Amino acid sequence: MTRLVIGVIGSAGDTAPGSVVDILDVAERVGAAVATAGAVLVSGGTTGVMAAASRGAREAGGLTIGFLPDADRSRASEFVDVAFPTGMGTIRNLLTPRVCDAVVMIGGGAGTLNELTIAYDFGTPVVAVEGTGGWADRIRSVLHEGRWLDERRTVALSFAKTPEDAVAQSVRRASEPRRFTSLPVHSGSAAG
């Protein structure tokens, strides 16, 4: 049986501008809830929100995976069980939203916003934890019809007031049918 995979995206720093809560505590609680739900936690594998979520998941008996921006495995958080040293820099932002069944967003800057738009394009549900600052709080003001990133209505964004509710929503939303909007793969040979 394939295990559910929940991603956590958020700032590599320890605070988010405008947050009204300790985002590392929120991230740790998200990680613990992911593990308690029996899901695998995937993140960028480094510091800040990613390390705190991995710590929470590991301490609750869960499995953690990190897609590192560096080619150096030693850059992974000590709480990452399986580290993939991609060497891709910020291009690795493609990986978490693409391999996860759902994603929890905590605070976040430009990199987190990038992961959000990739998740949306791929149809991966995202649940933002309110009150954590950054894009998790700002995104609502720019949503189309209060739910979508654009008129395609690929996948609605959800909001949660607590880390536990964010994970519960993610688990529920993971089974939603996806509307893939990425470019199709064409078969055949190129003219030469």
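In what follows, every heavy atom counts, from backbone to side chain, and hydrogens, waters and symmetry copies are set aside. The structure presented is a predicted model; accordingly, all values stated were derived computationally and were not measured.
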Please answer: with hydrophobic residues joined when any side-chain heavy atoms are less than 4.5 Å apart, are Val80 and Val30 in the same cluster? no
With the side chain counted from C-beta on, respond yes when [X] and [Y] share a heavy-atom pair under 4.5 Å apart, and no when they do not.
X	Y	value
Pro69	Thr46	yes
Trp148	Asp150	no
Leu149	Leu143	yes
Val8	Val42	no
Thr90	Asn114	no
Leu4	Val40	no

Report yes or no: does [X] contribute a side-chain atom to a donor-acceptor pair with the main-chain N or O of [Y] at less than 3.5 Å?
X	Y	value
Ser77	Gly45	no
Ser11	Gly107	no
Tyr120	Val155	no
Arg92	Phe67	yes
Thr64	Asp81	yes
Asp137	Gly131	yes
Arg98	Ala119	no
Thr154	Gly123	no

From [atom1] ([X]) to [atom2] ([Y]), nearest 0.5 Å:
X	Y	atom1	atom2	result
Met105	Ser170	CE	OG	12.5 Å
Arg153	Arg147	CZ	CZ	10.0 Å
Thr112	Ile106	OG1	CD1	9.5 Å
Ile139	Glu130	CD1	CD	13.0 Å

Between [Y] and [X], does any NZ, NE, NH1 or NH2 come within less than 4.0 Å of an OD or OE carboxylate oxygen?
X	Y	answer
Glu78	Arg55	no
Asp22	Arg29	no
Arg173	Asp101	no

Non-hydrogen atoms of Ala136 and Thr132 that approach each other most closely: CB-OG1, 3.4 Å
Quick check: are there more than 12 heavy atoms from other residues, nucleotides or ligands sitting under 6.0 Å from CD1 of Ile91? no
Looking at residues at least two apart in the chain, or sitting in another chain, which of them share a ring pair (Phe, Tyr, Trp, His ring centres under 6.0 Å) with Phe159? none
Cation-pi check for Phe79 against Arg58: NZ or CZ below 6.0 Å from the six-membered ring centre and within 45 degrees of the axis, yes or no? no
